[in-house]
Amino acid sequence: MMSQKPELTDLTICRAAFAAWVFVYHLDLHLHFSAWLGPAAGLVRHGYMGVDGFFILSGLVLMHTHQEFNAPNMDQVDARFRPAPPQAWLRFYGKRLARIYPVHLATLLILLALLALGSALGIAPQSPQRFGLGSFVENLFLVQGWGWTISAPGTTRPGR
């Protein structure tokens with residue numbers, strides 16, 4: 001018997017709206033179309049705030065779909081709540097990594113191919129210091145936002 005995953009259509013639609021808001025914000029960073037939107041310009045220019053909403057709703061979706069992390073009886077949370085066993089946490093993070101990492105790796109490989117193609121055509125990236133070996137290794141191991149850097153000998157990474 002297959003287990004049914006709970007359907008969260010409303011939250012999924014809200015997450016899509018937040019993601020679209022962030023996308024429109026990034027488009028505006030390059031195309032500067034918000035200047036012609038009048039009163040809606042402020043909404044577009046604050047699209048970065050959609051990231052927070054997306055993450056909050058994603059947390060709700062994760063907690064709803066992974067019942068092993070929920071309290072057994074919400075009326076008695078303080079008295080009966082027991083943390084999930086380590087096996088549940090390992091299973092959860094293993095599933096997350098298995099779901100996220102293949103897309104992350106594919107994106108890195110596409111970026112690497114684009115950089116190689118650009119180099120072959122004589123086109124340099126706008127900020128070449130952001131595309132060094134150290135950055136690639138950090139992204140490969142998902143540690144790019146941990147506040148430290150990996151630098152190859154003879155390279156510098158300004159802005160970090």
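His46 approaches Trp21 most closely through the heavy-atom pair O-CZ2, 3.3 Å. Among all heavy-atom pairs drawn from Val22 and Gly47, the shortest one is CG2-O, 3.3 Å. The two residues Phe18 and Gly50 make their nearest non-hydrogen contact at CB-O, 3.5 Å. Residues Tyr25 and Val44 share a closest heavy-atom pair of CD1-O, 3.5 Å. For His104 against Gln144, the heavy-atom pair with the smallest separation is CE1-NE2, 4.4 Å.
The hydrophobic cluster containing Leu29 also contains Val51, counting ILVMFWY residues as joined when their side-chain heavy atoms lie under 4.5 angstrom apart, directly or transitively. The hydrophobic cluster containing Phe136 also contains Tyr101, counting ILVMFWY residues as joined when their side-chain heavy atoms lie under 4.5 angstrom apart, directly or transitively. Phe131 and Leu133 are members of different hydrophobic clusters when ILVMFWY side chains are connected at heavy-atom separations under 4.5 Å. Residue Leu105 is grouped with residue Phe141 when hydrophobic side chains (ILVMFWY) are merged at heavy-atom distances under 4.5 angstrom, including chains of intermediate members.
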Could you give the side-chain donor-acceptor pairs of residues 112-126 under 3.5 Å, partners two or more places apart or in another chain?
none

Return a table of donor-acceptor pairs under 3.5 angstrom between the side chains of residues 34-42 and protein atoms on other chains or two or more places apart.
{"residue": "Ser34", "atom": "OG", "partner": "Asp28", "partner atom": "OD1", "Å": "3.1"}
{"residue": "Ser34", "atom": "OG", "partner": "Asp28", "partner atom": "OD2", "Å": "2.9"}
{"residue": "Ser34", "atom": "OG", "partner": "Arg45", "partner atom": "NE", "Å": "2.9"}
{"residue": "Ser34", "atom": "OG", "partner": "Arg45", "partner atom": "NH2", "Å": "3.4"}

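Side chains of Ser135 and Arg130: a donor-acceptor N/O pair is absent below 3.5 angstrom, by distance only.
With rounding to the nearest 0.5 Å, the separation of OH in Tyr93 from CD1 in Ile100 is 10.5 Å. Leu111 CG to Asn139 CG: the interatomic distance, rounded to the nearest 0.5 Å, is 8.5 Å. Going from atom CG of Asp52 over to atom CG of Leu57 covers 11.0 Å, rounded to the nearest 0.5 Å. The distance from atom CG of Leu43 to atom CE of Met49, rounded to the nearest 0.5 Å, is 9.5 Å. Considering CH2 of Trp146 and CD of Glu138, their distance stands at 11.0 Å, rounded to 0.5 Å. Considering CG of Leu140 and CG of Leu109, their distance stands at 8.5 Å, rounded to 0.5 Å.
Annotation for Phe23: atom CZ does not count as buried by contact number, only 12 or fewer foreign heavy atoms lying within 6.0 Å. Annotation: Phe55, atom CZ; neighbour count of heavy atoms from other residues, nucleotides and ligands within 6.0 Å does not exceed 12.
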Between Val143 and Val137, is a side chain to side chain contact (heavy atoms under 4.5 Å, CB included) present by the stated rule, with each step listed? CA-CA 9 Å; Val143 297; Val137 171; over 6 Å; no
